[in-house]
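Some notes on the structure that comes next.
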Amino acid sequence: MNPRIPTATFSNNAFMERKVLETFKKDKWVLYLCADLIMLLQHTIKKILGQVIHDSLSIPVTEEELLIQRTKAEFEGDYTLVLFGLVKKHKLNPEQIGATIGLAACQKEPNFFKSYNLVKGFLNFSLQDHCLLNFLDNTYGNSQYGKALAHEKRVMVEYSSPNTNKPLHLGHLRNIFLGWSIAELLKERGFAVTKSCVVNDRGIHICKSMIAWQLFAEGATPATTGQKGDHFVGDYYVKFNEAHKAEIEAGIAAGLTKEQAEKEAPIMKATQQLLQDWEAGNQEVLALWNRMNQWVYEGFDATYKKIGADFDKTYYESQTYLLGKKFVEQGLTNGVFYKKEDGSIWIDLTPEGLDEKLVLRKDGTSVYITQDLGLAEQKFQEYRYEQSIYVIADEQNYHMKVLQLILQKLNKPYAKGIHHLSYGMVELPSGKMKSREGTVVDADDLITEMIEVARAKTEELGKVKDFNTEELEKLYHTLALGALKFYLLRVDPKKKMVFNPQESIDFQGFTGPFIQYTYARIQSILRKEYPTATLPMENKLEKEEKELLLSLEQFPSILDQAVAEQNPSVVATYAFTLAKLFNSFYTQHSIISAPSDASRQLRLRLAALTANVIKKSMALLGIEVPNRM
RNA sequence: GGUCCGGUAGCUCAGUUGAAUAGAGCAACUGCCUUCUAAGCAGUAGGUCAUUGGUUUGAAUCCAAUCCGGAUCACCA
């Protein structure tokens with residue numbers, strides 16, 4: 001029989017227990033989280049210590065007031081209560097209350113706390129091994145570990161949202177990996193998620209590609225050239241810019257100013273004409289527009305498939321760009337907007353410290369913000385979301401602020417649920433990527449290069465010589481995308497990052513393949529032997545075993561943290577730390593040849609649970625793990 | 001100029017709801033494959049946490065000022 005475990009949170013029923021928390025982290029956006037209380041040791045410790053402090057010192061404390069952290073490696077213990085807060089608030093002596101609390105806690109729950117020690121204001125507790133063994137035995141075979149029960153909170157995550165005039169580049173990849181991962185993290189923690197994509201399929205940019213195609217293609221198509229559709233169309237966008245540049249130079253040579261030359265360039269005038277024809281519904285123009293967009297979509301789909309991105313709903317700007325006009329009428333009637341003499345319509349955001357903002361041009365056409373207003377409404381009508389997350393680069397911080405503010409002023413109930421997941425741009429050592437100057441790192445090219453690197457490394461190591469071609473291709477793909485996705489997701493989204501194409505993405509250290517490798521190693525053991533029988537509770541834990549277990553136990557709260565902060569790098573860092581802990585354990589202790597049956601059962605379970613958690617963590621980042629590599 | 005974001009080891013980054021001697025990876029150097037996969041492990045070296053002042057028992061973290069870098073403030077999207 002298992003020893004008694006001293007709180008209700010460890011009972012079987014507690015597995016179903018849920019708690020809804022409100023988390024405010026940095027921004028005012030409210031997020032509801034569900035935490036499975038069963039596994040959270042920290043929570044249990046707080047509960048016990050709160051009671052102990054109340055009983056032994058007659059001080060009422062809330063759990064929020066207690067600061068519990070993992071004990072630093074150089075001190076003895078597992079978890080530490082930091083006493084300074086209590087000491088300050090109640091003007092107490094840390095030596096005295098530390099001793100009192102430590103003693104009382106160990107006496108009250110001897111099956112939970114093994115011992116305590118006091119160093120300055122830090123009260124360190126060691127936990128009884130069997131608490132952790134119990135956790136391990138209950139969890140190791142559970143592939144659902146980390147998953148929260150479903151609840152009714154609906155969230156929409158919009159990401160990718162490309163223009164249709166050029167192929168996806170490295171910046172899109174950061175956006176896509178981020179958006180996809182956040183959506184999966186939300187799902188894992190019980191949210192009902194809709195992944196959406198807004199395709200900017202109309203406007204001057206696509207007309208540029210169209211005009212260049214008309215002028216220079218001589219009827220060529222992706223089919224006749226064998227080129228991927230998005231690249232094909234992107235090439236004409238580049239050709240437009242080359243032609244435009246030449247015409248500008250000619251204009252300047254003829255005595256025009258730069259601005260005049262840009263505007264008056266024949267190819268630019270033709271492009272504007274094309275846009276007007278498009279808006280007027282010119283059949284021929286629409287046919288070409290449809291045809292070229294179709295080429296692009298085929299290209300995008302191939303890339304999405306390759307990187308494992310998917311969407312539940314796609315909005316096309318051509319179908320939604322007029323929606324916002326209703327808003328403008330509404331806002332005019334209730335006085336939120338006002339009309340200037342020339343007929344243009346504005347909103348005054350100066351009371352909020354922003355500027356006056358145009359919402360409708362004097363010719364009655366809508367601007368960028370107008371479209372987004374309409375689309376927000378459309379999304380809400382269709383999905384009744386409580387939160388709507390926009391994964392958009394930080395250059396649009398102002399735009400998103402304005403969008404939310406206008407919706408608030410219009411009293412839209414969904415305004416407060418709008419959240420801009422703002423991420424930093426990916427730059428090159430030479431600075432920003434510029435598609436006009438051809439300095440972008442193309443997504444497809446980059447993936448191809450990564451696959452080559454994966455192939456070279458794998459061949460060099462020669463560990464999978466028995467793999468057939470198909471298995472090898474699959475492995476290279478898994479490793480290449482693992483390296484790339486991890487590279488882009490391991491850093492805080494809001495920080496801009498520099499990508500150096502010269503230094504290829506690593507396969508060692510803090511990387512995807514390092515973690516994949518750890519997983520493959522574990523699988524190699526589990527193929528030989530999978531844990532059976534029962535786990536003897538008299539096992540004494542080695543230092544490395546305990547470290548691993550304490551880390552594994554934190555997994556659900558790591559996921560909550562990632563969701564609350566909207567930050568997959570939290571999961572990436574965790575997965576890396578976990579893999580490192582395992583590798584350290586692995587080199588010091590043999591699993592198959594453990595000193596006893598009891599120990600072997602323990603270590604097999606540790607290996608199995610580590611593999612599960614690694615697999616789940618990586619899956620939430622969109623990264624697959626191989627059984628062998 | 002207004003607003004916002006950032007500055008931590010040679011490089012890339014963690015740590016920023018204040019807490020023990022500021023941590024990883026890469027690069028450099030030293031060890032470890034006859035034993036479950038060395039894409040690994042163990043170790044050495046590397047820091048004025050941009051600067052200055054303040055709050056505090058305690059500051060990379062909070063406040064103020066300054067310096068540097070970036071974004072944005074379009075009848076572009």
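Owing to the predicted nature of the structure, the values given are computational and were not obtained by experimental measurement. Below, read A as the first sequence line, B as the second, and so on, with proteins coming before strands; counting in each chain starts at 1.
- One P atom belongs to B:U72, the other to B:A28, and the distance between them is 38 Å to the nearest Å.
- A distance cut-off of 5.5 Å between ring centres, combined with a plane angle under 30°, leaves A:Phe122 outside any stacking arrangement with the base of B:A19.
- Look at B:C5: its glycosidic torsion is beyond 90° from 0, and that puts it in the anti range.
- B:U3 and B:A19 have their C1' atoms separated by 34 Å, given to the nearest Å.
- Residue A:Asn567 is classed as having no contact, given no heavy-atom separation below 4.0 Å to the nucleic acid.
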Subject >> RNA chain B base-pair string [pairs: Watson-Crick or G-U under 3.5 Å; |: paired with another strand] >> reply: ((((((((.[[[[.)...(...]]]].(((((.......))))).....[[[[[..)....]]]]])))))))....
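- Taking atom P in both B:A22 and B:G46, one finds a spacing of 14 Å when rounded to whole Å.
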Subject >> B/S/- contact track for nucleotides 67-75 of chain B, protein heavy atom under 4.0 Å >> reply: ---SSSS-B
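- Not a single donor-acceptor pair, N or O on each side, falls under 3.5 Å between the base of B:A14 and the side chain of A:Ser569.
- Comparing the P positions of B:A59 and B:G1 gives an interatomic distance of 34 Å, to the nearest angstrom.
- Look at A:Ser584 and you'll find a side-chain N or O under 4.0 angstrom from OP1 or OP2 of B:A42.
- Which of B:C13, B:A20, B:A77 sits closest to the side chain of A:Met497 comes down to B:C13.
- As rounded to the nearest Å, B:U30 and B:G54 have P atoms that lie 47 Å from one another.
- Here the separation of B:A45 from B:C4, taken at their P atoms, is 44 Å to the nearest Å.
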**OP:** In sequence, state the C-alpha distance, the side-chain angles, and the governing distance for A:Glu279 and A:Arg202, and then conclude on salt bridge (Lys or Arg N to Asp or Glu O under 4.0 Å).
**Re:** CA-CA 10 Å; A:Glu279 295 203 356; A:Arg202 56 136 238 134; 3.3 Å; yes
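- To the nearest whole angstrom, the two P atoms, one in B:A74 and one in B:C68, are 25 Å apart.
- Of the side-chain N and O atoms in A:Lys120, none sit less than 4.0 angstrom from OP1 or OP2 of B:U57.
- When only modelled atom types and interatomic distance are considered, A:Asp355 and A:Tyr398 share a side-chain donor-acceptor pair under 3.5 Å.
- Listed nucleotides B:A20, B:U3, B:C13 differ in distance to A:Lys401; the shortest reach to its side chain belongs to B:U3.
- Between the side chain of A:Asp348 and the backbone N or O of A:Glu356 there is no donor-acceptor pair closer than 3.5 Å.
- Without hydrogens or angle criteria, A:Arg490 side chain to A:Phe510 main chain gives a donor-acceptor distance under 3.5 Å.
- Note on ring orientation: taking the six-membered ring where Trp is involved, the planes of A:Tyr321 and A:Trp278 are tilted (angle from 30° to 60°).
- Counting any heavy atom pair closer than 4.0 Å across all strands shown, A:Gln516 reaches no nucleic acid atom.
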Review item, nucleotides 27-38 of chain B N/O atoms under 3.5 Å of protein N/O:
unit_1: B:C36; atom_1: O3'; unit_2: A:Lys528; atom_2: NZ; d: 3.4
unit_1: B:C36; atom_1: O2; unit_2: A:Ile591; atom_2: N; d: 3.3
unit_1: B:C36; atom_1: O2; unit_2: A:Ile592; atom_2: N; d: 3.1
unit_1: B:C36; atom_1: N3; unit_2: A:Ile591; atom_2: N; d: 3.0
unit_1: B:C36; atom_1: N4; unit_2: A:Tyr586; atom_2: O; d: 2.4
unit_1: B:C36; atom_1: N4; unit_2: A:His589; atom_2: O; d: 2.8
unit_1: B:U37; atom_1: OP1; unit_2: A:Ser524; atom_2: OG; d: 2.1
unit_1: B:U37; atom_1: OP2; unit_2: A:Ser524; atom_2: OG; d: 3.2
unit_1: B:U37; atom_1: O2'; unit_2: A:Tyr517; atom_2: OH; d: 2.2
unit_1: B:U37; atom_1: O2'; unit_2: A:Arg521; atom_2: NE; d: 3.0
unit_1: B:U37; atom_1: O2; unit_2: A:Lys463; atom_2: NZ; d: 2.8
unit_1: B:U37; atom_1: N3; unit_2: A:Met629; atom_2: O; d: 2.9
unit_1: B:U37; atom_1: O4; unit_2: A:Met629; atom_2: N; d: 3.1
unit_1: B:A38; atom_1: OP2; unit_2: A:Arg521; atom_2: NH2; d: 2.8

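- The pair A:Lys474-A:Glu624 meets the salt-bridge criterion, with a side-chain N (NZ, NE, NH1 or NH2) lying under 4.0 Å from an Asp/Glu carboxylate O.
- Separation of the P atoms belonging to B:U8 and B:A50 is 6 Å when rounded to the nearest angstrom.
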